[in-house]
*Asks:* 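Please find one structure pasted underneath; my questions will follow.
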There are 2 protein chains.
Amino acid sequence: MSKKPTPSDRPVESLRLDNQLCFALYGAANRMTRLYRPMLDALGLTYPQYLAMLVLWEKSPQTVGALGDALDLDSSTLTPLLKRLEAGGLVERHRDPEDERRVIVGLSDKGRALRDQAEAVPEQMICALDTPMNELMALRERLKILAK
Amino acid sequence: MSKKPTPSDRPVESLRLDNQLCFALYGAANRMTRLYRPMLDALGLTYPQYLAMLVLWEKSPQTVGALGDALDLDSSTLTPLLKRLEAGGLVERHRDPEDERRVIVGLSDKGRALRDQAEAVPEQMICALDTPMNELMALRERLKILAK
DNA sequence: TGAAAAAAGATCGCGCGCGATGTAATCGAT
DNA sequence: ATCGATTACATCGCGCGCGATCTTTTTTCA
C-alpha cells in the first residue's frame with residue numbers, strides 16, 4: 001500500500017496551469033513598477049501617483065470619486081495618496097461647495113508644469129521594454145478583456 | 001499671442017497611449033487579486049502567500065533564494081511572508097546546516113494538506129473570469145514577453 | 001417635515017513590494 | 001591562515017490596496 005500515487009504526489013496540473021496566468025500578471029505588474037521607478041523618481045512620483053496624475057492631466061478638476069472610478073481604486077487608497085500629492089504641491093483639494101460630501105481635486109501650477117517632464121516617460125518606457133509596439137498594443141487589448 | 005495651443009493644452013497623445021498599457025496591467029493585476037480574495041480567504045491565504053504555496057507544492061524543501069527566483073521577489077518581501085506562513089503552521093523554516101547563510105523552507109503536513117483544498121481554486125477562477133480559455137492562454141503568453 | 005437610507009470621503013489595520021542597510025557565514029586570493 | 005569580497009537573509013521605512021468602520025452631508029419618502 002506504499003508509494004501509491006496519491007493526489008499529493010502529482011504535480012497537480014490544474015494548479016500549475018492556473019499558476020501561469022496569475023503568475024504572469026503578478027510578475028509583469030511588479031516588473032512594470034520597477035521599470036518605471038527610476039524615471040518616476042526623477043519626477044518625484046510613485047507609480048500609482050503617476051497614474052493619478054495621468055488622469056488629472058487629462059481632466060483637471062475632478063472629484064475623488066471620479067478619480068477612483070478612473071483608477072479603479074477607492075477612497076481608502078486615494079485619500080492618502082492625494083494628500084501626499086497635495087503635500088508635494090502638485091494638487092489642491094477642497095470640499096465641493098455644491099455638495100459638501102464631495103472633495104474636488106485639481107492640479108496646481110506645479111502639477112500642470114510637471115506634465116512637460118512626464119511627456120518623456122512613455123517613450124523611455126517603450127524603449128526600456130524593448131518589445132515591438134504592436135506586441136504591446138495586442139497585450140493591452142487582451143488585458144482589457146479582464147477589465148470587468 | 002493668446003490661445004496658442006501649447007503642449008499644456010493638448011491631451012498629449014503619448015501620455016494617453018502609455019497610459020493604456022500600464023493602466024491595463026495595473027488594473028488587471030488589482031482586479032485579479034480581488035477576484036482571488038474570497039476563494040483564498042477560505043484557505044486562510046493572501047494572494048502572494050498562495051503564489052508562494054504554489055511554488056512549494058511543486059517542490060518542497062527550497063531555499064528562500066530559490067523561492068525568490070521563482071516569484072521574482074527578494075528576501076525583504078519573502079522573509080516576513082514566510083514567517084507568517086510559518087506562524088500559520090503551513091511551512092517550516094530552518095537554517096541549512098550545510099551553509100548557515102541559507103534558510104530552507106519546507107511544507108508542513110498542514111501545508112501539504114492544504115493543497116487538496118487549493119485544487120478547487122483554478123477552476124473557480126476560470127469560471128469567475130468568464131473568458132474563453134484560449135483567450136486566457138494567449139494573454140499569459142503575451143505577458144511572458146515582458147518577463148525580463 | 002423628520003427620520004431612515006444612501007452617498008462621499010476619511011480613518012484604521014494588515015500585508016505586501018522594495019530600496020537601503022545590517023549581519024553573519026562563506027569564499028578567494030594572497 | 002588571514003583579511004577583504006561576496007553571498008544569503010533579515011530588518012526597517014514608506015507607500016500602496018483594500019476590507020471594515022466611521023462621520024458628515026444629501027436624498028428619499030412616508
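Proteins come first, then strands; the chains are lettered A, B, ... in the order of their sequence lines, and each starts at number 1. Note that these values count all heavy atoms, side chains included, but never hydrogens, waters or copies made by symmetry.
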*Asks:* Among residues at least two apart in sequence or on other chains, which ones pass side chain to side chain donor-acceptor pair (under 3.5 Å) with A:Asp72?
*Replies:* B:Arg34
*Asks:* Donor-acceptor pairs under 3.5 Å, side chain of residues 77-90 of chain B to any protein atom, not counting sequence neighbours: which ones?
*Replies:*
unit_1, atom_1, unit_2, atom_2, d
B:Thr79, OG1, B:Ser75, O, 3.0
B:Glu86, OE1, B:Arg93, NE, 3.1
B:Glu86, OE2, B:Arg93, N, 3.4

*Asks:* Does B:Ser60 reach the main-chain N or O of B:Gly106 with its side chain, forming a donor-acceptor pair under 3.5 Å?
*Replies:* no
*Asks:* Pairs under 3.5 angstrom, nitrogen or oxygen only, protein versus nucleotides 19-22 of chain C, please.
*Replies:*
unit_1, atom_1, unit_2, atom_2, d
C:dG19, O6, B:Ser76, OG, 3.1

*Asks:* Tell me, please, which residues at least two apart from A:Leu35 pass side-chain contact (heavy atoms from CB on, under 4.5 Å).
*Replies:* A:Met125, A:Ala128, A:Leu129
*Asks:* Does A:Ile104 share a hydrophobic cluster with A:Leu56, counting links as ILVMFWY side-chain heavy atoms below 4.5 Å and allowing steps through other members?
*Replies:* no
*Asks:* Using the closest heavy atom to pick a nucleotide of DNA chain C for each, name whichever of B:Gln49 or A:Thr63 lands nearer the 5' end.
*Replies:* A:Thr63
*Asks:* Quick one: sort the B:Tyr47 and B:Tyr36 rings into parallel, tilted or perpendicular, breaks at 30° and 60°.
*Replies:* tilted
*Asks:* Could you note down all residue pairs passing side chain to side chain donor-acceptor pair (under 3.5 Å) where residues 128-139 of chain B supplies at least one of them, sequence neighbours left out?
*Replies:* A:Arg142-B:Glu135
*Asks:* Does OP1 or OP2 of C:dA10 have a side-chain N or O of A:Lys83 closer than 4.0 Å?
*Replies:* no
*Asks:* Please list, by residue number, the residues of residues 40-48 of chain B whose heavy atoms come closer than 4.0 Å to an atom of DNA chain C; answer none if no residue qualifies.
*Replies:* B:Thr46, B:Pro48
*Asks:* On DNA chain D, which is the earliest and which the latest nucleotide, 5' to 3', with an atom closer than 4.0 Å to a heavy atom of chain A?
*Replies:* D:dG15 to D:dT26
*Asks:* Looking for any heavy atom pair under 4.0 Å, which part of the strands does B:Leu78 touch: base, sugar-phosphate only, or nothing?
*Replies:* nothing
*Asks:* Let me know, please, whether B:Asp72 or A:Pro80 comes out on the 5' side of the other along DNA chain C by nearest nucleotide.
*Replies:* A:Pro80
*Asks:* Please name all residues satisfying side-chain contact (heavy atoms from CB on, under 4.5 Å) with A:Ala66, sequence neighbours left out, ordered by chain then number.
*Replies:* A:Gln62, A:Thr63
*Asks:* Determine the minimum heavy-atom distance between A:Ala24 and A:Arg31, stating which atoms define it.
*Replies:* O-NH2, 4.4 Å
*Asks:* If every non-hydrogen atom of B:Cys22 is compared with every non-hydrogen atom of A:Leu51, which pair is closest and at what distance?
*Replies:* SG-CD2, 3.6 Å
*Asks:* Could you check which residues of residues 101-108 of chain B get a heavy atom under 4.0 Å from DNA chain C? Sort them by number, please.
*Replies:* B:Arg101
*Asks:* Please report the shortest heavy-atom distance between B:Glu92 and B:Leu107, naming the atom on each side.
*Replies:* OE1-O, 4.5 Å
*Asks:* Pairs in or reaching into residues 39-56 of chain B: which pass salt bridge (charged side-chain N to carboxylate O under 4.0 Å, His left out), with residues at least two apart or in two chains?
*Replies:* none
*Asks:* Which pair of heavy atoms, one from B:Leu143 and one from A:Ala28, lies closest together, and at what distance?
*Replies:* CD2-CB, 3.9 Å
*Asks:* Is a side-chain N or O of A:Trp57 found less than 3.5 angstrom from the main chain of A:Gly111, in a donor-acceptor match?
*Replies:* yes
*Asks:* Within residues 84-100 of chain B, which residues have any heavy atom lying less than 4.0 Å from an atom of DNA chain D?
*Replies:* B:Arg93, B:Arg95
*Asks:* Just jot down the side-chain contact (heavy atoms from CB on, under 4.5 Å) partners of A:Arg101, sequence neighbours excluded, or say none.
*Replies:* A:Asp99
